[in-house]
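Note that these values count all heavy atoms, side chains included, but never hydrogens, waters or copies made by symmetry. Residue numbers start at 1 and run along the sequence shown.
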Amino acid sequence: MMAQHLAHVALLVRDYDEAIQFYCQTLGFTLVTDTPLPAGKRWVLVAPPGGAPGSALLLAQAQGAEQLSRVGNQTGGRVFLFLTTDDFWRDYEAWQARGVVFCELPREEAYATMVVLKDLYGNRWDLLQLR
């Protein structure tokens with residue numbers, strides 16, 4: 001049987017350093033790698049603590065008007081990324097104290113405790129503690 005897993009998801013950002021600051025300082029992600037590439041590009045991977053080995057966000061600095069127009073709206077306003085946690089209230093309260101913008105109050109669903117939040121660009125995320 002073939003083994004596969006999704007390794008990285010590209011996330012368009014305005015600036016590498018501001019994105020690293022938000023994901024690592026505000027959300028507590030780990031900077032996995034930040035490797036310079038030709039033409040001012042960088043290979044920047046960030047990952048949530050305790051995540052699946054090898055899975056990470058690839059922070060991709062937008063190039064040109066077309067890509068810049070998509071920063072913060074890669075999915076047309078729908079929730080884009082889903083982050084599960086082992087302690088919803090710990091993360092929610094810590095992020096609230098660090099100024100993360102939440103789109104709603106936390107709620108209980110049949111499958112999880114959850115809340116929708118926005119990253120620094122306006123991309124919508126679900127924070128979930130699954131049942």
Side-chain angles (χ1 to χ4, degrees):
M1 175 178 250
M2 181 171 30
Q4 297 179 336
H5 73 276
L6 187 60
H8 310 311
V9 174
L11 179 67
L12 285 171
V13 301
R14 274 192 310 258
D15 177 81
Y16 292 118
D17 294 321
E18 74 179 5
I20 291 168
Q21 173 75 24
F22 177 80
Y23 286 102
C24 294
Q25 299 302 314
T26 304
L27 298 187
F29 284 26
T30 300
L31 179 61
V32 177
T33 189
D34 184 355
T35 305
L37 300 172
K41 293 184 180 182
R42 290 156 60 182
W43 181 257
V44 178
L45 295 174
V46 297
S55 70
L57 283 178
L58 171 66
L59 302 180
Q61 187 167 295
Q63 303 292 311
E66 177 83 16
Q67 290 180 16
L68 281 168
S69 74
R70 302 298 194 274
V71 172
N73 191 19
Q74 292 184 206
T75 60
R78 291 191 58 116
V79 170
F80 177 44
L81 298 164
F82 299 79
L83 183 65
T84 61
T85 180
D86 64 345
D87 188 334
F88 177 87
W89 293 106
R90 173 199 65 214
D91 295 340
Y92 175 77
E93 290 168 3
W95 292 359
Q96 193 173 41
R98 293 182 200 138
V100 171
V101 174
F102 292 94
C103 303
E104 61 187 15
L105 293 173
R107 66 181 193 268
E108 299 291 332
E109 296 290 347
Y111 56 91
T113 302
M114 64 164 299
V115 70
V116 177
L117 62 111
K118 290 183 181 180
D119 68 14
L120 76 161
Y121 300 112
N123 293 301
R124 295 167 59 97
W125 290 61
D126 272 358
L127 173 66
L128 306 129
Q129 183 173 359
L130 300 173
R131 301 206 190 288

Minimum heavy-atom separation for [X] to [Y], with atom names?
X: Arg124; Y: Cys103; answer: NH1-SG, 3.7 Å
X: Ala47; Y: Ala56; answer: CB-CB, 4.1 Å
X: Trp95; Y: Thr26; answer: CD1-O, 3.6 Å
X: Phe80; Y: Ala10; answer: CZ-O, 4.2 Å

Check whether [X] and [Y] end up in the same hydrophobic cluster, where Ile, Leu, Val, Met, Phe, Trp and Tyr are linked by side-chain heavy atoms less than 4.5 Å apart.
X: Leu37; Y: Val32; value: yes
X: Leu105; Y: Trp125; value: no
X: Leu12; Y: Val79; value: no
X: Leu127; Y: Phe82; value: no

Kindly say whether Asp87 contributes a backbone atom to a donor-acceptor pair with the side chain of Thr85 at under 3.5 angstrom?
->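 Answer holds: yes.
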Is a side-chain N or O of Glu109 found less than 3.5 angstrom from the main chain of Met114, in a donor-acceptor match?
->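 No, Glu109 side chain to Met114 backbone: no donor-acceptor pair under 3.5 Å.
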Does the side chain of [Y] come within less than 4.5 Å of [X]'s, by heavy atoms?
X: Leu117; Y: Val101; answer: no
X: Pro106; Y: Trp89; answer: yes
X: Val115; Y: Tyr92; answer: yes

N/O donor-acceptor pairs under 3.5 Å from side chains in residues 58-67, not counting sequence neighbours:
from	atom 1	to	atom 2	distance (Å)
Gln61	OE1	Tyr16	N	3.1
Gln63	NE2	Gln61	O	3.3
Glu66	OE2	Arg70	NH2	3.0
Gln67	OE1	Gln63	N	2.8

[atom1]/[X] to [atom2]/[Y] distance, rounded to the nearest 0.5 angstrom?
X: Gln21; Y: Leu120; atom1: CD; atom2: CG; result: 10.0 Å
X: Ser55; Y: His8; atom1: OG; atom2: NE2; result: 9.0 Å
X: Leu11; Y: Asp119; atom1: CG; atom2: CG; result: 6.0 Å
X: Leu81; Y: Asp126; atom1: CG; atom2: CG; result: 9.5 Å
X: Leu83; Y: Leu27; atom1: CG; atom2: CG; result: 8.0 Å
X: Phe88; Y: Leu128; atom1: CZ; atom2: CG; result: 8.0 Å

Kindly write out the residues that satisfy side chain to side chain contact (heavy atoms under 4.5 Å, CB included) with Asp17, not counting sequence neighbours, or none if the list is empty.
->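 Partners of Asp17 under the side chain to side chain contact (heavy atoms under 4.5 Å, CB included) test: Asp15, Ile20, Arg42.
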Residue list, side chain to side chain contact (heavy atoms under 4.5 Å, CB included) with Thr33, at least two apart or on another chain =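 Checked Thr33 against side chain to side chain contact (heavy atoms under 4.5 Å, CB included); matches are Thr35, Trp43, Leu45.
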With ring pair (Phe, Tyr, Trp, His ring centres under 6.0 Å) as the test, would you mind laying out the steps for Phe22 and Phe29 before giving the verdict?
-> CA-CA 9 Å; Phe22 177 80; Phe29 284 26; 8.6 Å; no
Are Glu108 and Thr113 linked by a side-chain donor-acceptor pair shorter than 3.5 Å?
->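 Yes, side-chain donor-acceptor contact under 3.5 Å.
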Short side-chain donor-acceptor distance under 3.5 Å, Tyr121 and Glu18 =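 Checked: Glu18/Tyr121 side chains pair up, N/O donor to acceptor below 3.5 Å.
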Give a yes or no on whether a salt bridge exists between Glu104 and Arg107, defined as a side-chain N under 4.0 angstrom from a carboxylate O.
->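 Salt bridge between Glu104 and Arg107, a charged N being under 4.0 Å from a carboxylate O: yes.
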